[in-house]
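Proteins get letters first, then strands, A, B, ... in listed order; numbering begins at 1 in each.
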2 protein chains.
Amino acid sequence: MKAVMGRPAAAGAQETRDALVRGAIDALKEQGFAGASAREIARRAGCNQSLVFYHFGSVTNLLLAALDEVSAARHAHYQAAVERATGLGELVDAAEAVFEEDLDAGHIAVLAEMIAGASATPGLAPEVAARIAPWRQFAADALGGVLSDTPLSGVIEPDVAAHAVVALYLGLEMLAHLDGDRTAALALFARARELAVLVEALSGPPEGEPGGREKP
Amino acid sequence: MKAVMGRPAAAGAQETRDALVRGAIDALKEQGFAGASAREIARRAGCNQSLVFYHFGSVTNLLLAALDEVSAARHAHYQAAVERATGLGELVDAAEAVFEEDLDAGHIAVLAEMIAGASATPGLAPEVAARIAPWRQFAADALGGVLSDTPLSGVIEPDVAAHAVVALYLGLEMLAHLDGDRTAALALFARARELAVLVEALSGPPEGEPGGREKP
DNA sequence: GTCTATACTTGGATAGAC
DNA sequence: GTCTATCCAAGTATAGAC
C-alpha cells in the first residue's frame, strides 16, 4: 500500500519541502535576503541544514521556490477578491484587504527581498523577473476590466497603470515593513477610495444597478 | 604650512573617505546589500579593506554614510529642479528628469537596498527610516505647493500623496533595475504628464501667464 | 594613514553513516 | 530521507609594522 503512486516512497519528504519553503518565506520576511541562509532556514523548518541542498540543490533555488509558492497562492487569492469587485471603488477595497493580508503573511516582503537580493547573485535577476511578470499581467487585467466604464479609459493604459500598481505595492510594503507602521499606507488607500468613487460619479450611473439591489 | 587648520594633518584622508563612500554606493547599486562587503567596497575604492573600519568603524556605518551622502546630494538637486516647476505638469517633468538621473547614478538603488537590507542587521531599520523621512517631507512640500491651485487640493492630502510618491519611486527603481529596462517607468511618466495637464485644464487658466510669456 | 597578517565567525556545499 | 562531520570560501574585525 505504499509507493504505488508516482510519488517516491519515503515518508515526510513533502512535509520537509513545505517546511523549508515556509522557513524561507519567514526568514526573508524577518531577516531579509542577507539573513536567509541555509542554516537559518533549516532552523526555522526544524531540520538539518544539509536538507536544503538535498531537496533544492542550492539556497537560491529554495528562495525561488518560496517565491513560486507565494506567487501561486497570491494569484488564486487575488483572482477571487477581484472577481467580486464590480467598480473602481470596490477594486480599491479589494486591493486594501489583500494588501494587509500580504503584509501580515510576508508575501510582498518575499518579493521585495528577492528583487533587492537579485543584484547580489549572478543570474538571479531574470528568474525573479519571470516570476513577477504574471503579477503585472494580473493587475493589468483587473484594471482593464474596471477602467473601461470610466472616463479614464482614454488616458490610462491598463498595462502602464499595472506597472505603477505593482511598483507602488512593492514600495508601500518596504516602507511599512521598515518602520513597522502601515498607517501611512492605509491612509493612502482611504484617499484612493475617495478618488475612485469620484471618478465613478463622473462616469455616471450605468444602466444596471440604479441603487437598491433586488433579486429578480 | 600644514596642520594649521582644524583639519587633521594627514594627507589624503578625506579622499580615502570619499572613495570609500563612492565605492559603497556603487557596490550597493551593482551587487546589492549582500554584496556590499568591506572587501568589495575597498576593492572599488582602490584601498585596503581595513580602512573601512579605521574610517567608519563598521561596514554598516559606511553604508549609512553612503545613504547620507546620497540624501544630501539629492535634496539639493531636487530643490533646484522643483523650484523651476510652476504647475503640475512641470512637476512631472522635473520628477522624470530627476528619476533618470537617480537611476543612472544609483541613488535610488542605495535607498532600496538599504531598506531591504535593514531587515538583516539589528538596529539598522530606524537609522534608515530616519534618513528617509526628509525625502517624504520634501515630496510633501513640493506637492503641497503645486496642488493648491488644482481641484485635487480637496481630495488629496500632500503628505499622504508624498508617501505614495516615495513608495512609487522606490518600486519603479527596483523593477527597472531588476530587468534593466526603464521603458515601463518612462511610459508611466508620459501618462502622468497627460493626466497632469488634464487636471490643470480643469482648474482653469490662472490669471497670470495667459499664454505667451513676455518679460516686463 | 595605510598596509600586511591574522584571529574568529558564518555560510555554501559535499561525503558518508544510519 | 535525514543526520553528523567536514571542507572551503568569504566576511568582520583587530594588532602591529611602516
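Taking 4.0 Å as the cut-off between side-chain N and carboxylate O, B/D18 and B/R22 do not count as a salt-bridged pair. In this structure, A/R136 does not pair ionically with A/D159, as no charged nitrogen and carboxylate oxygen lie closer than 4.0 Å. Using a 4.0 Å cut-off between charged side-chain N and carboxylate O, A/D104 and A/R182 make a salt bridge.
Listed nucleotides: D/dG11, D/dC3, D/dT2. Nearest to the side chain of B/S37: D/dG11. Of the listed nucleotides (D/dT2, D/dA13, C/dT2), C/dT2 has the atom at the smallest distance from the side chain of B/L51.
In this structure, the OH atom of A/Y54 is 7 Å from the P atom of D/dT2, given to the nearest Å. The separation between A/N48 atom CG and C/dG12 atom P is 13 Å, rounded to whole Å. Note: CZ (A/R43) to P (D/dC3) measures 15 Å, nearest angstrom. Note: CZ (B/F53) to P (D/dG16) measures 18 Å, nearest angstrom. Here D/dA13 presents its P atom at 11 Å from CG of B/L62, a figure rounded to the nearest Å. At whole-Å resolution of the value, CG in A/N61 and C1' in C/dA13 are 13 Å apart. A/I41 has its CD1 atom 14 Å from the C1' atom of C/dA13, to the nearest Å. Rounding to whole angstrom units, CZ of residue A/R39 and P of D/dT2 are separated by 18 Å.
The phosphate of C/dT2 (OP1 or OP2) has a side-chain N or O of B/T16 nearer than 4.0 angstrom.
Taking for each of A/Q49 and B/Q49 the nucleotide of DNA chain D with the nearest heavy atom, the 5'-most of the two is the partner of A/Q49.
Classified by interplanar angle (parallel below 30°, tilted 30° to 60°, perpendicular above 60°), the ring pair B/W135/B/Y78 is perpendicular. Between A/F189 and A/F99, the angle of the ring planes lies from 30° to 60°, which puts this pair in the tilted group.
A heavy-atom distance below 4.0 Å to DNA chain D is reached by none of the residues of residues 17-32 of chain A.
If you check every strand for non-hydrogen atoms under 4.0 Å, A/E40 touches nothing. At a threshold of 4.0 angstrom between heavy atoms, the contacts of A/S50 include nucleobase atoms, whether or not backbone atoms are also involved. Within the 4.0 angstrom heavy-atom criterion, only backbone atoms of the sugar-phosphate kind lie near B/V59; the bases stay farther away.
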**Message:** Go through it in stages, so that I can follow the logic: the residues are A/E101 and A/H77, the test is side chain to side chain donor-acceptor pair (under 3.5 Å), and I'd like the CA-CA distance, side-chain angles, deciding distance and then a yes or no.
**Reply:** CA-CA 10 Å; A/E101 287 181 26; A/H77 203 235; 3.3 Å; yes
**Asked** Given A/R44 and A/Q31, is the side chain to side chain donor-acceptor pair (under 3.5 Å) satisfied, shown in steps?
**Response** CA-CA 12 Å; A/R44 290 173 181 268; A/Q31 300 180 242; 2.8 Å; yes
